[in-house]
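Reading through the C-alpha cells given below for one structure.
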Amino acid sequence: MAHTFKVNGTTHSVDIDDDTPLLWALRDNLGLTGTKFGCGVAQCGACTVYLDGKPLRSCVTPVSAVAGAEITTIEAISGREAEAVQAAWTAGDVPQCGYCQSGQVMSAVALLKENKKPTDQDIDLAMNGNICRCATYARIRAAIHSAARSLEV
Amino acid sequence: MTAHDIALSRRALLAGAGALVIGLHLPEVARAQSARPAGGAAVLAPNAFVRVAADDTVTVLIKHIEFGQGPFTGLTTLVAEEMDADWGQMRAEHAPADVKLYANLLFGVQGTGGSSAIANSFEQMRKAGATARAMLVQAAAEAWKVPAGEITVEAGVLKHPTGKQGRFGEFAGAASKLPVPETVSLKQPANFRLIGREGAVKRLDSADKARGKAQFTIDIHTPGMLTVVVARPPRFGGKMASFDAAETLKVKGVVDVKPIGSGVAVYATGMWPAIKGREALKVSWDESAAEKRGSRELIAEYRALARTPGTVVGKHGDAEAVLAKADTVVEAEFVFPYLAHAPMEPLDGYLEWDGTQALARFGSQFQTTEHATIAAVLGLPQDKVRLETMLAGGSFGRRAQVSQHLAAELAMVAKAIGPNRPVKLVWTREDDLTGGYYRPLFLHKLRGAVKDGKIAAWTDSIVGQSFFLGTPFEAMVVKNGIDSTMVEGANELPYDIADFACEVHTAKVGVPTLWWRSVGHTHTAYAVECFVDELLQAAGLDPVAGRLAMMGKEPRAMGVLKAVAELAKWNGPNSVEGRARGVAVVESFGSFVAQIAEVSLGSDGEPKVHKVWCAVDCGVAVNPDVIRAQMEGGIGFGIGHALYGEITLDAGKPVQTNFDSYRSLRIHEMPAVEVTIIASTEKPTGVGEPGVPPIGPAVANALARLGQVRPRQLPMVGGTV
Amino acid sequence: MRPLLLASAAALALGLGGTALTFAQSAPQRRGPPLQDAASFSSIPNQQARSAALFGEIGKVLTHPRCMNCHPATERPRQTDARRLHQPVVVRGKDGHGAPGLECATCHGKQNYDPARMPGDGHWALAPASMAWEGKTLGQICLQLKDQSRNGGRDLAAIVKHVTTDTLVLWGWNPGPGREPAPGTNAQFGALMQAWADSGAACPAS
C-alpha cells in the first residue's frame, strides 16, 4: 500500500509493503543512499536516520511506523552540530573505508545536540551502537571532543 | 617464512591465474576508458596514471582498490610529490581493469593484497608524476622561451626568475603535444615536501565519507536495475536439488527466480522484496557431499593430528633430543576459530550487458582474474567486458578471492536472466557470516625447554586448512604439502633458539576458507608470541629484555621493540593497581611492529584493554597519519577478534548469523593508542595488515601477569567449544 | 570467565538456523513454560502459606528472562533467553529510556518488528532502579513489589491492574519470534496476582 512520510523536508508517497524497512524505502525508492545497510537487525547503526529529530535505526523500522513523521537523513543534516562534526571528521581523517561513517556522524550529531560537552563515557553510551569494522573509534572519539570544543566558541 | 616469500606465493598464484585464463592483449575498451577525462576534462595524459585538466586539477588513476587503507591518498602523494603539485589540486579515482597498464608489480596482474600498494607503486607513481612535471616544465619553457632548467615548480605553480609564472592547467594543452620523456630523475628524499611530512597531506576521501556522499557498489541504481539475492546451501558443499518459487513470485516486487550455479537467485525491484522473496522460496538441498563436521569435531581431529609427525617446515638442531633431556618442559596448545571478515559493506556487485558487451562495477580486489571470470561466464571476449572498481566498505581479505566466487556469481546472475536486465547482487549480513571463506580454524601444539635461564628448544606442530587446496592453484602454491601462508611467522622465528622444529598438517575440510587480514600471522603470531613470553616467564626473564637478548639477527625487530618499550616507559609487565602489561613483536609483509598492551580484568570478567603503545617500522613512511590510522585500526580489529570473534560450526552449519552473535569491537572497547613510526630509509612496506598480529598475544601476555592463564583458545570471551 | 562463556554459548544457540526472517515466517508464536492456575492453590488451608505459595508461582513469571532482563540490578539490561548483557551497551539513563544518542526508541519501536526480531512497545523502557529484581530472592522481590516507596506508589489493587493492563508487561507473553514467552498466560498471571492479594499478599520466606 501507499505510505506517506516526510523526508528531508519533502513529502513522499511510496507504494510498498507495510513491513518494508524505512532503510530500503529511503535507498531503493527515494534514492537516498547515504544511509547504509550493515546488518538489518539494529546491531551496527549504519542505517541511522532521525525521526522527528531523534536517532532511529531505519533497518528495523517499518514504513508503516513512520506515517506522517519527519525523517532526516545524512544528506540533509544541518546546523552547528552537524557542521562541527563533519568538519572534525574531515580534519581528523576519521574515515577509513567510510561505509559506517554516515551512521557514526548521525549518532555523533545527535549526541552533541543533547549534550554540548560529552565525557568519554557519554560518547561510549551514545556511540557504542555504531560498529566500525575498520575500528576508527579512537578518531571518532577525538573528533567528537574536537567538535564539542569548536561549539564552545 | 619472510614477507618476500609471501609476495612470491601471491605473485605465483596470480601470475598463474593470468597465464591460465587471461589473454594478455590490451583490451580496446579499457584503453579507451583509461584515457577518459577525469576530474576536469583531462588535457594532459602523459601516462596511465596522471591526468592534468585545464581547470588545474590533477587526477591520479589508482590501480589499487580503496577500502580504507589509503591507497587513494598514498599513491596520489607519490605523484604530487614528484610534480611539486599543491595538495589541494589533487584528485584520485580508480583505474579501470587493465592488466597491461595497472598490474601490481609484485603480482604481475592487477590486484591488491599483501599490504603491497605503496611498496609496489613507490617508484612507478613517482616516475608518473615526474614525467608529467617534466612535460609541463618543457611546455612552459617553450612558451616563455627560457631554458627548462631555469623553471622551478612549487605548490602547483611553475616559475621563472624573470617573474613569469603559471599553473599546470595553463600548460597542460601544450604539454600534451610534447613527446613523453623516456627517463626522468626522481627527487632525493631530503627534498620531499609531502612524503613523510607530518600534516602535509590529508586523506582525499574523508570529506565525502563524512557526508554520506561516497559511492559504494550497494549505492548503484540504474534504470530498470534488478536487485538480486541468492539462496545458498545451508551447509558448505551442498547443492540445490529442486526449488518451488510459487510463493516467492507472489511477493510484491519480485520479478523472477532463476537457478544459478551457487544456488537460486531471486530478482526484485528492490532489496526488501528480494529478501522477502527469498524467505518465501522453498529449496531442497542435496547435502550428500556437504561438510557436516562441526568445530568441536574438527578441533578433536586437529588435536589428534598435532600429536603425529607432520611435514617439516623449519628445523635446526635437534629439539626433540633437548626436550627429552630437559628439566623444565613447557607445553601449550592454542586453538583458533574460524573467523569471518565481515566488512561493513557486504559483498555486492553490479553488472549490465546487452549480449555483446558488458559493464561490471564492484569492489574488485583482483581485477585481472575477476575481469576474466566475468568474461568467461558471459561467453564474451575480454575486450567486450569493462570492469570498474568501486570504493568498497572494507575487505580485510574477503574481496581478495582466490575462487573468484563473487565475480562468477555476479555474472551467473546476469546471464541467467538474460541481456539488457541490469542486476545488482547483494549479500545480506547473514549471507556474509554464514557464507564461508573464513580465516581457517587452526591448532598449534608447542613444546619448549628452558635451561640455564634460556630458551633451549622449541617445537611447534601446526594443523589447519589451506585455502589453496581444492582450487586450480593448488599445484602451484602447495608444494610438498606446504602452503607457506599456513606457517609464515612460525617456521622461522626472530629469536635465536639453538634447537628448533616446526611441522604442519594440512587437514582436508569442506569449509571454504580465505586469507584474513595478516593471513598466517593471525594465528602464528599469537602462538609464537604467547609461547615465547611463557618460556621467558618460566626462565625468570623480563618479556622485553628476554626477547632482545635473543634477537641479534633481527635489528629492525629489535628496533621496534626498543622503541615501543621506550614509548610505554616499560618497567616490567607486572600488575600495578590491577593493570598489567603485555608485549609482542611481529614482522609481517616486510614491516615490523611491536605493541605493548595495558590490560585489566573488568567487573564482568572480560579483559579490558586500556592503552596500547605501538612502534612500526615500514621503511620510508609515505603518509605518517595514514600509517597511524592503520595501526589504530589494526589494533582494534585484532582486539575485537581476539576477545570476541568466532564462527562456530554446528554439524557443518555456521552458528553465528549476524552481529548479535558475531560480536564486533565497539567504541567503549577500543583502547587509547599511541603510535611511533621509526624513521627509515628502507624501501616502503605495507601497513594495512601488520598492525593486527601483535595485539592478541600482547593482551594475552598481560592477562598472564594478572593471574590468568594465557588464553589457550580464542576468542578470550565466549569461546563455545 | 567460565560462567560468561557458558552464557554466551547459550545465547549463540538461539541464533541457530536461518535468518531473522526465517524465524518470523516459519516459527509459530511459542508458548512459555506452564503456570499453575490460582485455583490449584486453594487446597492449601493456611491462608498465609497459600498466599506465599501463590507468590512462588508468580515468581516463575517475575524471574523469567522476559521480565527479569529489564529489571536489572545494574544500569544495564540483559537480553535473550540466556540473559546475556544487552548488546549494544544501553543504560537506564535519567528516566529509564536510555542515554542521549542511544535511547531505547532508537531501536525499539511501538510494536514488535518480527522480520528483524526486534521487540517493541509504546513505552519500551527499563524498570526504575527501585524495582531491580536481579540477584534478589523471591521473598525480597515480594517485599519490594509491595513497598509503595519503591513500586511507584501502587497499592495491591493498582499492582494487579498494572500487571494485567500495562502493555509492556503484556508484551512478556507476546515477545515475538526467537524469545520464549513468559510462563502461562497473562490471564493466569493476573488471577494469581489477584488471589495473592486477596489472600493477604504474604511473601515467601526466602
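Protein chains get the first letters and strands the later ones, always in sequence-line order, with residue 1 at the start of each.
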Checklist entry - Distance from B:Ser206 atom OG to A:Gln86 atom CD, nearest 0.5 Å? => result 12.0 Å
Checklist outcome for this item: Between A:Thr90 and B:Ala210, the two heavy atoms sitting closest are OG1-CB, 4.3 Å
Item to check | Interface residue of largest heavy-atom contact number with chain B, from A:Asp28, A:Asp93, A:Ile16, under 4.5 Å | outcome: A:Asp93
Checklist entry - Which residues, numbered in order, of residues 109-120 of chain A come under 4.5 angstrom of chain B by heavy-atom distance? => result none
Next on the checklist: Please identify, among B:Gln630, B:Arg517, B:His221, the residue contributing the most non-hydrogen atom pairs under 4.5 Å to chain A.
Outcome noted: B:His221
Checklist outcome for this item: Counting heavy-atom pairs under 4.5 Å with chain A, the top scorer among B:Gly393, B:Gly270, B:Gly636, B:Ala342 is B:Ala342
Next on the checklist: Does B:Lys213 have more than 12 heavy atoms from other residues, nucleotides or ligands lying within 6.0 Å of its NZ?
Outcome noted: no
Checklist entry - If you tally heavy-atom pairs under 4.5 Å against chain A, which of B:Asn658, B:Ile635, B:Val251 wins? => result B:Asn658
Checklist entry - Tell me, do A:Arg27 and B:Asp219 make a side-chain contact under 4.5 Å, heavy atoms counted? => result yes
Checklist entry - Does B:Pro346 offer a backbone N or O that forms a donor-acceptor pair with the side chain of A:Tyr99 under 3.5 Å? => result no
Item to check | Residue pair A:Ile140 / B:Ile667, side-chain heavy-atom distance below 4.5 Å | outcome: yes
Checklist entry - Is any NZ, NE, NH1 or NH2 atom of the basic residue among A:Asp124 and B:Arg666 found under 4.0 Å from an Asp or Glu carboxylate oxygen of the other? => result no
Item to check | Where B:Gly394 and A:Cys97 come nearest, the two heavy atoms and their spacing | outcome: N-CB, 3.3 Å
Item to check | Residues in residues 198-205 of chain B that sit under 4.5 Å from chain A, counting heavy atoms only | outcome: B:Lys202, B:Arg203, B:Asp205
Item to check | side chain to side chain contact (heavy atoms under 4.5 Å, CB included) against B:Ser664, all qualifying residues, sequence neighbours excluded | outcome: A:Ile131, A:Arg133, B:Phe659
Checklist entry - So, do B:Met344 and A:Lys36 sit near enough that their side-chain heavy atoms are less than 4.5 Å apart? => result no
Item to check | B:Ala629, part contacting chain A, at a heavy-atom distance under 4.5 Å | outcome: both
Checklist outcome for this item: Here the pair of heavy atoms bringing A:Ser102 nearest to B:Gly212 is OG-CA, 3.4 Å
Checklist entry - Is there side-chain contact between B:Glu632 and A:Gln96, with at least one heavy-atom pair below 4.5 Å? => result no
Checklist entry - Any Lys/Arg nitrogen of B:Asp625 or A:Arg139 sitting under 4.0 Å from an Asp/Glu carboxylate oxygen of the other? => result yes
Item to check | Selection from A:Ala91, A:Gly31, A:Ala87 maximising heavy-atom pairs under 4.5 Å formed with chain B | outcome: A:Ala91
Checklist entry - Which heavy-atom pair separates B:Trp272 from A:Trp24 by the least distance, and what is that distance? => result CE3-CD1, 4.0 Å
Checklist entry - Which pair of heavy atoms, one from B:Gln215 and one from A:Thr33, lies closest together, and at what distance? => result NE2-OG1, 4.0 Å
Checklist entry - For the candidates B:Gln69, B:Arg429, B:Glu66, which exhibits the highest count of non-hydrogen atom pairs separated by less than 4.5 Å from chain A? => result B:Arg429
Checklist entry - Any donor-acceptor pair under 3.5 Å linking the side chain of B:Lys209 with the backbone of A:Gln101? => result no
Next on the checklist: Sort by residue number and list every residue of residues 65-81 of chain A having at least one heavy atom under 4.5 Å from chain B.
Outcome noted: A:Ile74
Next on the checklist: Within the supplied structure, the quantity of interest is the number of heavy atoms (other residues, nucleotides, ligands) at a distance under 6.0 Å from B:Lys252 NZ; does it exceed 12?
Outcome noted: yes
Next on the checklist: In the structure I gave you, are the side-chain heavy atoms of B:Lys276 and A:Thr20 within less than 4.5 Å of one another anywhere?
Outcome noted: no
Checklist entry - Roughly how far apart are B:Ile639 CD1 and A:Tyr137 OH, rounded to 0.5 Å? => result 11.5 Å
Checklist entry - How far apart are the C-alpha atoms of B:Phe396 and A:Cys134, what are their side-chain angles, what is the distance that settles it, and do they pass the side chain to side chain contact (heavy atoms under 4.5 Å, CB included) test? => result CA-CA 9 Å; B:Phe396 316 118; A:Cys134 301; 4.0 Å; yes
Checklist entry - Picking from B:Met670, B:Glu345, B:Glu669, which has the most non-hydrogen pairs under 4.5 angstrom with chain A? => result B:Glu345
